[in-house]
Amino acid sequence: MARLRLGPLLRYVDEEAATVWVETSRPCVAEVRCADGAAGSARTFQIDGHHYALVPVSGLTPGTETAYEVVLDGGRVWPEPESRFPDSTIRTPRYGADEPLRVTFGSCRWAAPPSDEHDPVGPDALDTLAARLAADPAAERPDVLVLLGDQVYADETSPATQEWLARRRDLTDPPGTEVADYQEYAHLYDESWLDPEIRWLLSTVPSCMLFDDHDVIDDWNTSAAWLREMRELPWWRERILSGLMSYWVYQHIGNLPPGELAADPVYEAVCASADGTDVLREFAARADSDPTCARWSYRRDFGRTRLLMVDTRAARVLDEQNRAMLDPDEARWVRAQALDGQSVEEGAPGAYDHLLIGSSLPWLLPHLIHDAEHWNAAMARGERGERWAGRGENLRRQADLEHWAAFPASFDWLTDLVAEAGSGPAAPATVSVLGGDVHHAYIAEPSWPAGPAAPTARVLQLTCSPVHNSIPRYIRVGFRFGWSRAGRLLGRRFARHARAAAPRISWRKAGGPWFGNHLMTLTLRGRAADLTLDQADAQRGLVRADDRKIA
């Protein structure tokens, strides 16, 4: 009999349809059967000896909640017998002006150790959320979890994973305690998603995911010089192909609506193959050699809220003289999705009331860090000569200077896009850039010079990181200093040395910085928006650290 190895993960949900992801022990037909009669099935596909299915569920009723079970070749495998968790359910929305949409987001999650072991970085915010919801199934819960990168850490493995790796290969050989191939990536997802609380939470709350660097390796695609050096390492090709393949299987395909998934040629080819490994490996090789061959960014509409998840890692242009966060095709696609449905006549509503731009890397940083990254980009580009260019490249890697500010033309492009999307007769109430990566949480609010280019929507940078990780004390001090007046003055000295113009916008810290393991939640109702920040506490669970109305 087929067993359920991993999952189920509830991924896409709309008013009448859903998708449920599973990994099984052998080839089989996976079914999802709902208590209200809705159902779906799919035959598993195979990648490197592992078996997966993404089951489309149809026939759901808008605005309802139904329990579901997973059946493999006719045998029920979920819920597990004598589970201590409530039944997994699918809640379908009924979008309307009075119906709230709750979007909970964060990034950077090390897998939590077993519950009987000491957790060196404190309680896991997702574990804590799961415990709260499991204790009170009727409580308010997110309509979607938006996970903004570093779902697994391929380059910073746990002691338990290192012991497992040592049984497979000699850890004195590169890449040592980092993962090397697809099987080892699969183990990382096992370690992270078999956590009982996380497994139940992801089975009952829909999720949208996006990778960041640690899903592959720290500083992934930070520069052309970095990439050249990595490609010379004998273990790198297997690492990058396995990273992209595993991301496609475990995260990417679940992000897509059923219609887009059915039209995806790679998904179709993988499912049609007795063994899809070669098909997926060839796709990963193309995506690695030419970023325009794959699009990892995607769009989801939740009634009158649009979520635009933007790939800030694999779509980069790394040539120092043409450096960009997104290649031109990707940038055109993102802009088209942001503006789709917003060009209407005066008095007519646009396509959305709230625009959420999911970027693993924050757009607005503390002022000192922004200016340092802008300065570093100019130095690495050769603005002060070859000697400074070498220093700039070294500092870029050592200090992780690779956010939007490190791609000055792209920073300006995103600034212009946010302003354009937030302007005009059909302007939304809010435009929020959701970010992670930097291991603390804060709110930043930009302002434009008065004039026609200034948006009418309220614009915010909302950064929430980590979900479960840590940050050294000296970096905490650095982030606080980066927001200070003295930090801003020091940053302008960097900018003058780089002969860089001042940013076209200014911004202020409107909240934070907060340190610890966090989740942020946007509650959107009509054109109103509220923001909350919850911090994980070992004794008290999730503790409200901030709560404010933003529109």
Side-chain angles (χ1 to χ4, degrees), residues 107-108 219 222 312 323 325 359-381 383-384 388 391-412 414-415 418 432-449 459-466 469-516 518 520 531 533 535 545-546 548:
S107 81
C108 306
D219 295 339
T222 194
T312 58
R323 190 168 164 83
M325 187 69 86
S359 164
S360 62
L361 303 177
W363 164 49
L364 301 178
L365 292 164
H367 301 97
L368 171 58
I369 299 172
H370 173 94
D371 286 331
E373 293 200 0
H374 202 156
W375 166 82
N376 179 260
M379 296 303 98
R381 192 170 59 244
E383 294 292 325
R384 287 286 187 174
W388 275 103
R391 291 175 175 174
E393 175 64 23
N394 291 335
L395 182 60
R396 171 190 282 162
R397 300 189 200 181
Q398 293 171 8
D400 290 340
L401 303 180
E402 52 168 348
H403 300 84
W404 285 92
F407 297 78
S410 295
F411 177 87
D412 290 341
L414 181 57
T415 300
V418 166
S432 300
V433 180
L434 314 182
D437 180 70
V438 292
H439 289 204
H440 70 293
Y442 64 87
I443 303 166
E445 183 166 15
S447 58
W448 276 254
V459 178
L460 294 172
Q461 167 70 61
L462 305 176
T463 302
C464 185
S465 167
N469 210 308
S470 62
I471 185 171
R473 185 175 298 276
Y474 73 91
I475 296 182
R476 295 188 185 198
V477 173
F479 278 125
R480 291 186 187 279
F481 179 71
W483 285 114
S484 69
R485 177 176 174 80
R488 183 178 299 199
L489 293 173
L490 179 59
R492 294 316 303 161
R493 294 191 65 178
F494 278 112
R496 284 194 294 272
H497 182 259
R499 304 190 181 104
R504 298 203 298 264
I505 60 170
S506 60
W507 58 95
R508 66 181 183 90
K509 176 175 64 67
W514 296 282
F515 298 97
H518 299 101
M520 271 187 181
L531 177 69
L533 176 73
Q535 184 174 44
D546 193 64
R548 64 182 67 198

For [X], give me all partners under side chain to side chain donor-acceptor pair (under 3.5 Å), at least two apart in sequence or on another chain.
X      : value
Arg476 : none
Asp437 : His403
Ser506 : Ser447
Asp219 : none

Exercise. Which pairs with one or both residues in residues 400-412 pass salt bridge (charged side-chain N to carboxylate O under 4.0 Å, His left out), sequence neighbours excluded?
Worked result: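 The answer is Arg313-Glu402, Arg316-Glu402, Asp412-Arg504.
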
Exercise. Does anything in residues 482-497 pair up under salt bridge (charged side-chain N to carboxylate O under 4.0 Å, His left out), and if so which pairs, sequence neighbours excluded?
Worked result: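 Checked against salt bridge (charged side-chain N to carboxylate O under 4.0 Å, His left out) - neighbours excluded - the pairs reaching residues 482-497 are Asp371-Arg492.
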
Check whether any side-chain N or O of [X] sits under 3.5 Å from a backbone N or O of [Y] as a donor-acceptor pair, and report yes or no.
X      : Y      : value
His440 : Val438 : yes
Ser484 : Gly487 : yes
Gln535 : Phe515 : yes
Arg323 : Ala406 : yes
Ser432 : Leu434 : no
Trp404 : Ser410 : no

Nearest-0.5 Å distance, [atom1] of residue [X] to [atom2] of residue [Y]:
X      : Y      : atom1 : atom2 : result
Glu373 : Leu395 : CD    : CG    : 10.0 Å
Leu368 : Leu490 : CG    : CG    : 5.0 Å
Leu365 : Phe479 : CG    : CZ    : 8.0 Å
Leu531 : Leu462 : CG    : CG    : 5.5 Å
Leu414 : Trp363 : CG    : CH2   : 6.0 Å
Met379 : Asn376 : CE    : CG    : 8.5 Å

Can you check whether [X] reaches [Y] side chain to side chain, under 4.5 Å on heavy atoms?
X      : Y      : value
Val433 : Val418 : yes
Pro513 : Arg480 : yes
Thr463 : Trp514 : no

For this session: Can you label the angle between the His497 ring and the Trp375 ring as parallel, tilted or perpendicular, going by 30° and 60°?
Result: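 Tilted, since the angle between the ring planes falls between 30° and 60°.
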
Problem set entry | Parallel, tilted or perpendicular: rings of Trp507 and His370 (30°, 60°) |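 It falls in the perpendicular class, over 60°.
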
For this session: Pick out which of Gln461, Lys509, Arg508 makes a side-chain hydrogen bond (donor to acceptor under 3.5 Å, both in side chains) with Glu445.
Result: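 Among Gln461, Lys509, Arg508, the one that satisfies the side-chain hydrogen bond (donor to acceptor under 3.5 Å, both in side chains) with Glu445 is Arg508.
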
Exercise. What's the shortest heavy-atom distance between Gly436 and Ser107, and which atoms?
Worked result: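 Answer, listing the atom of Gly436 first, then Ser107: CA-OG, 3.2 Å.
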
